[in-house]
2 protein chains.
Amino acid sequence: MSEQIKTLFEEHDIKFTTARSSILEVLKEAHHPLNYEQIKEKMSVVMDKATFYRNIAKFEESGIVHKFEADDRKWYFELSSTTHAHFICEHCHQITCIDVDLGKVEGEVKSIVLKGTCKECHV
Amino acid sequence: MSEQIKTLFEEHDIKFTTARSSILEVLKEAHHPLNYEQIKEKMSVVMDKATFYRNIAKFEESGIVHKFEADDRKWYFELSSTTHAHFICEHCHQITCIDVDLGKVEGEVKSIVLKGTCKECHV
DNA sequence: TAATCAAATGCAACTTAGTTGTGACTTAGA
DNA sequence: TCTAAGTCACAACTAAGTTGCATTTGATTA
Ligand SMILES: [Mn+2]
Ligand SMILES: [Mn+2]
Ligand SMILES: [Zn+2]
Ligand SMILES: [Zn+2]
């Protein structure tokens, strides 16, 4: 287990378990948001989906993990970082993290999801 | 039935039915996107949800209706218009249509969903 | 207007991502 | 090592949306 993850647990007063550490390990290595199935495939530990979702809920509460819904009725998870946008391609279903300048928007924006056709899939 | 809706059916070669006209009537009056339950409440005609979703799918194909997922695992529908963003407040769950200037984004953007805290709910 | 038939509808059964209850098992700390 | 609080696996559940199929509807033609 990496020091970074150990520190996250301590800082947020979250009890250490192998399940939790395994989830965060996967998210740490990922370069874009992943859904449950994708994380499951990459995890070194087998756990029930109830365990997975309860732990993710805990991470969310603590602000460690950020989640959003794509357009496939699935939650996508990533380690929290500065607010940035996600581009979801309707054709290849690839999710890309991007920086956008929104100009001024009333209210506090916490998540931005763009949907459309990515440049690879564009005619 | 309004002329506007009659014209939509003709232009898109969609068979007229009372169910279809009733759905579009509701969307035409709405000032923001609505989900199935919300549309059902407002509709003058009672129809099965299978009928509702099949008709919505037809409208989508024709480009009459645009749909997106909020963060509540529900689809939201509105009549198609120029691409604009939707702000979803995590506290009051209000969905507002807004115009944003994204700057330049690679690929073709078809839907923009912002999530956060609206100015009314903001401390 | 009446007959025709492809398309639309209602109903019931299904799918599936995510949630919840519960008894057994871990973990952190005394 | 002992203990209590927290976490886990398992199974049953929830709910938005989908699908199959027999019946009905509405645009077209006679
Ligand atoms: Mn991201
Ligand atoms: Mn809108
Ligand atoms: Zn693509
Ligand atoms: Zn609000």
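Every chain is numbered from 1 and lettered A, B, ... according to where its sequence line falls, protein lines coming before strand lines.
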Base of dG17(D) paired with side chain of R54(B) (donor-acceptor, under 3.5 Å): no
Spacing of K49(B) atom NZ relative to dA13(C) atom C1', expressed in whole Å: 11 Å
Sole candidate of T17(A), N55(A), V46(A), V45(A) that passes side chain to side chain contact (heavy atoms under 4.5 Å, CB included) when paired with S22(A): V45(A)
Residue whose closest nucleotide on DNA chain C lies nearer the 5' end, T18(B) versus R73(B): T18(B)
K110(B)-T83(B) side chain donor-acceptor pair, cut-off 3.5 Å: no
Flag for Q94(B)-H32(B): side-chain donor and acceptor within less than 3.5 Å: no
Give each protein N/O atom lying under 3.5 Å from an N/O atom of nucleotides 5-7 of chain D, with the pair distance.
residue : atom : partner : partner atom : Å
dG6(D)  : O4'  : K15(A)  : NZ           : 3.2
dT7(D)  : OP1  : R20(A)  : NH1          : 2.7
dT7(D)  : OP1  : R20(A)  : NH2          : 2.8
dT7(D)  : O5'  : R20(A)  : NH2          : 3.3

Residue pair R20(A) / F9(A), side-chain heavy-atom distance below 4.5 Å: yes
The single option from L34(A), I39(A), I23(A) passing side chain to side chain contact (heavy atoms under 4.5 Å, CB included) against F77(A): I39(A)
Lys/Arg N to Asp/Glu carboxylate O, K74(B) vs E69(B), below 4.0 Å: no
Residue-phosphate contact under 4.0 Å: W75(A) side-chain N/O, dG18(C) OP1/OP2: yes
Nearest-Å distance for atom pair CZ/C1', residues F16(A) and dG29(C): 17 Å
Donor-acceptor pair between H122(B) and E106(A) side chains, under 3.5 angstrom: no
Sugar-phosphate only, base, or nothing, as touched by V46(A) at under 4.0 Å among non-hydrogen atoms: sugar-phosphate
Contact nearer the 5' end of DNA chain D, comparing D48(B) with E37(B): E37(B)
Spacing of E61(B) atom CD relative to dA7(C) atom C1', expressed in whole Å: 13 Å
Separation of atom CE in M43(B) from atom P in dT9(C), rounded to whole Å: 11 Å
Gap between atoms CZ and P, on F52(A) and dC10(D) respectively (whole Å): 17 Å
dG17(D) phosphate, OP1 or OP2, under 4.0 Å from Y53(B) side-chain N/O: yes
Interatomic distance where CD belongs to E60(B) and C1' belongs to dG17(D) [whole Å]: 13 Å
Rounded distance (Å) that lies between atom P of dG18(C) and atom CD1 of I39(A): 10 Å
Whole-Å gap separating P (dA16(D)) and CG (D71(A)): 17 Å
